[in-house]
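Working notes, structure below.
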2 protein chains.
Amino acid sequence: MDSLGDTIRKLREDKELPLRTVAAFLDIDQAILSKIERGQRKPTREQVVKLAEYFKVKENDLLVAWLSDKLVYEVEDEDMALKALQLAEEKVKYMAKNKGK
Amino acid sequence: MDSLGDTIRKLREDKELPLRTVAAFLDIDQAILSKIERGQRKPTREQVVKLAEYFKVKENDLLVAWLSDKLVYEVEDEDMALKALQLAEEKVKYMAKNKGK
DNA sequence: TATAAATTTGACAAATTATGTCAAAATACA
DNA sequence: TGTATTTTGACATAATTTGTCAAATTTATA
């Protein structure tokens, strides 16, 4: 089960690119990209979009991984994590069904 | 499908208490409690715990509602909301299974 | 080994978001 | 009406996020 950071690192290493290069494209210091890849920092939505473009992967796949990482971060060290996620799921489904109302 | 705000408002109105009173117990301005009840502000974890104590309801029930509200807030206006929630769920389950490793 | 490239670390700064106060406006109702 | 309650919005403060920078560490290779 890869985190988004793992995925990004693999994409970068497959192309044998240094942090410096990809970080320059994202317009951030390489230190941040290093931390992102190792899960010490969360990328912004914009950075994820840019990464998808850069590595030519589906934007949505990366965004789903990014969002789910944020959710996990939000519930971690809460023992009711699962219940909260499931309830949130119900709420989202409910809202989708009654969208706009 | 009640939000946490709805629940709190009902609890307060059942006891016919003004915002002022409950807000004083929480040690915040009544304006904030008003916004919390109507979903314009998110309460802090500590406030939720205090509310559970104040209204004599299960702390965990309120916390699950609070956490799930935060999750919904996090994914709202993302069309991959459901997918992200489901993936997050898998990750949490995976982490629980391999906890500590 | 040595030295150059790449990565990681941690202290700090800047920007953003969260949380709160306050007073005035709006609403409910005796 | 007048009084209590609630809501609104401008603003201040606190906390968190996002970033830079330089030094330390690790990795690769001449």
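Heavy-atom basis, side chains included; hydrogens, waters and symmetry copies ignored. This is a predicted model, so every value here is computed, not measured. Order of the sequence lines fixes the chain letters, A, B, ..., with proteins taken first and strands second; residue numbering starts at 1 for each chain.
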Spacing between Leu26(A) atom CG and dT20(D) atom P, to the nearest angstrom: 11 Å
Leu33(A) CG to dT18(D) C1', straight-line distance once rounded to whole Å: 14 Å
Difference in axis direction between the ends of the helix from dT1(C)-dA30(D) to dA30(C)-dT1(D), five pairs, 10°: 30°
Lys15(B) side chain reached by Phe55(B) side chain, heavy atoms, under 4.5 Å: yes
Under 3.5 Å donor-acceptor, Ser34(B) side chain and Gln30(B) backbone: no
Presence of salt bridge, Asp2(A) and Lys10(A), under 4.0 angstrom: yes
Side chain to side chain, Tyr54(B) and Leu11(B), heavy atoms closer than 4.5 Å: no
Short N-O contact, Glu78(A) and Lys70(B), less than 4.0 angstrom: no
Residue-phosphate contact under 4.0 Å: Arg38(B) side-chain N/O, dT7(D) OP1/OP2: yes
Distance in angstrom units between Lys35(A) NZ and dA22(D) C1', rounded: 12 Å
Spacing of Ile36(B) atom CD1 relative to dT8(D) atom P, expressed in whole Å: 15 Å
Protein-nucleotide distance (Ile32(B), atom CD1; dT8(D), atom P), rounded to Å: 15 Å
Side-chain N or O of Arg20(B) closer than 4.0 Å to phosphate OP1/OP2 of dT5(D): yes
CG (Asp14(B)) with more than 12 external heavy atoms under 6.0 Å: yes
Leu17(B) CG - dT6(D) P separation (whole Å): 9 Å
Sugar-phosphate only, base, or nothing, as touched by Gln47(B) at under 4.0 Å among non-hydrogen atoms: sugar-phosphate
Touch class at under 4.0 angstrom, heavy-atom based, for Glu16(A) against every strand present: nothing
Sugar-phosphate only, base, or nothing, as touched by Gln30(A) at under 4.0 Å among non-hydrogen atoms: base
Atom-to-atom span, CD1 of Ile28(A) to P of dT17(D) - whole angstrom: 17 Å
Upstream residue (5' side of DNA chain C) when Ala31(A) and Ala31(B) are each assigned their closest nucleotide: Ala31(A)
Arg12(A) vs Leu19(A) side-chain heavy atoms within contact, under 4.5 Å: yes
5' to 3' contact window, DNA chain C with chain A (heavy-atom distance under 4.0 Å): dA6(C) to dG10(C)
Path from Val75(B) to Tyr73(B) over hydrophobic side-chain contacts below 4.5 Å: no
For atom CH2 of Trp66(A) and atom C1' of dT18(D), their distance in whole Å: 14 Å
CD (Glu16(A)) with more than 12 external heavy atoms under 6.0 Å: no
